Amino acid sequence: QVQLVESGGGLVQTGGSLRLSCAASGRTFSSYAMGWFRQAPGKEHEFVAAISWSGSSTYYADSVKGRFTISRDNAKNTVFLAMNSLKPEDTAVYYCAVRQAAAAGMSVMGFNGMDYWGKGTLVTVSS
């Protein structure tokens with residue numbers, strides 16, 4: 001059974017930092033693109049970042065480019081999202097997702113186009 005479990009969310013002040021982790025289990029994900037989506041209250045899921053199976057290619061939403069960094073450790077089936085210079089508009093539930101396809105297409109496929117996703121972790125940025 002495939003499971004994705006996110007952790008690392010919490011409450012932080014504007015300008016602060018958080019590091020999210022997502023541990024995947026149930027199969028080997030080394031051939032899967034991994035990524036992060038988020039959903040703010042009352043809004044649709046939004047693509048945040050994606051990373052190729054090798055880790056050599058990364059993709060970001062314009063809204064987080066330069067502030068967030070995605071990385072992965074295939075030996076541990078884990079993907080990370082380092083978030084710096086956080087803003088109140090970053091407040092959302094953050095979801096880890098995986099798909100056995102090119103990472104470049106994750107933003108187009110959208111959250112519901114992923115093969116698997118976790119239950120999310122809440123990030124709240126206070127002003």
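Given the structure is predicted, the values throughout are model-derived calculations rather than measurements.
- Considering every non-hydrogen atom in both L4 and A24, the closest pair reads CD2-CB, 3.2 Å.
- Within the 3.5 Å criterion, the main-chain N or O of A33 finds no donor-acceptor partner in the side chain of S52.
- The two residues G35 and I70 come nearest to each other via the heavy atoms CA-CD1, 4.0 Å.
- Using a 4.5 Å heavy-atom threshold, the side chains of H45 and Y95 count as touching.
- The pair D62-K65 meets the salt-bridge criterion, with a side-chain N (NZ, NE, NH1 or NH2) lying under 4.0 Å from an Asp/Glu carboxylate O.
- At distances below 3.5 Å, at least one donor-acceptor pair connects side-chain atoms of D115 with backbone N or O atoms of Q100.
- Contacts of E6 classified as side chain to side chain donor-acceptor pair (under 3.5 Å), with partners at least two apart in sequence or in another chain: none.
- To the nearest 0.5 Å, atoms OG (S7) and OH (Y94) are separated by 15.0 Å.
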> Step by step, would you call V123 with L20 a side-chain contact (heavy atoms from CB on, under 4.5 Å)?
Replying inline: CA-CA 9 Å; V123 171; L20 306 184; 4.0 Å; yes

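- To the nearest 0.5 angstrom, T69 atom OG1 is 8.0 Å from L81 atom CG.
- The structure places CE of M34 at 10.0 Å from CG of D73, a figure rounded to the nearest 0.5 Å.
- Checked by atom type and distance alone, the side chain of S56 never pairs as donor or acceptor with a backbone atom of S54 at under 3.5 Å.
- Counting all heavy atoms, side chain and backbone alike, M109 lies closest to A101 at CE-CB, 4.3 Å.
- Nearest heavy atoms, L11 versus S126: CD1-CB, 4.3 Å.
- Considering every non-hydrogen atom in both R38 and S63, the closest pair reads NH2-OG, 3.5 Å.
- Listed for the T91 side chain is a donor-acceptor partner under 3.5 Å among the backbone atoms of V125.
- Hydrophobic clustering places I51 together with V64 (ILVMFWY residues linked when any side-chain heavy atoms are closer than 4.5 Å, directly or through intermediates).
- L18 and Y60 fall within the same hydrophobic cluster, defined by Ile, Leu, Val, Met, Phe, Trp and Tyr side-chain heavy atoms under 4.5 Å apart, directly or through other members.
- Heavy-atom minimum distance, A103 versus A50: O-CB, 3.8 Å.
- Residues V98 and F37 are members of separate hydrophobic clusters, defined by side-chain heavy-atom contacts under 4.5 angstrom among Ile, Leu, Val, Met, Phe, Trp and Tyr.
- Annotation: disulfide (SG to SG under 2.5 Å) contacts involving residues 59-127, sequence neighbours excluded, comprise C22-C96.
- No continuous path of ILVMFWY side-chain contacts below 4.5 Å connects Y116 to V93, so the two sit in separate hydrophobic clusters.
- At most 12 heavy atoms of other shown residues, nucleotides or ligands fall within 6.0 angstrom of atom CH2 in W53.
- The aromatic rings of F111 and W117 sit tilted relative to each other, their planes meeting at an angle between 30° and 60°.
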>> Assess the residue pair F68 and W36 against the criterion (side-chain contact (heavy atoms from CB on, under 4.5 Å)); give the C-alpha distance rounded to whole Å, side-chain angles, the decisive distance to 0.1 Å, and a yes or no.
In response: CA-CA 11 Å; F68 291 10; W36 292 90; over 6 Å; no

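- Rounding to the nearest 0.5 Å places NZ of K87 at 8.0 Å from OG of S85.
- In the hydrophobic clustering of ILVMFWY residues, with side-chain heavy atoms under 4.5 Å counting as a link, M83 and F47 come out apart.
- Side chain of N74 to main chain of T28: no donor-acceptor pair is present (N/O by atom type, distance under 3.5 Å, no hydrogens or angles).
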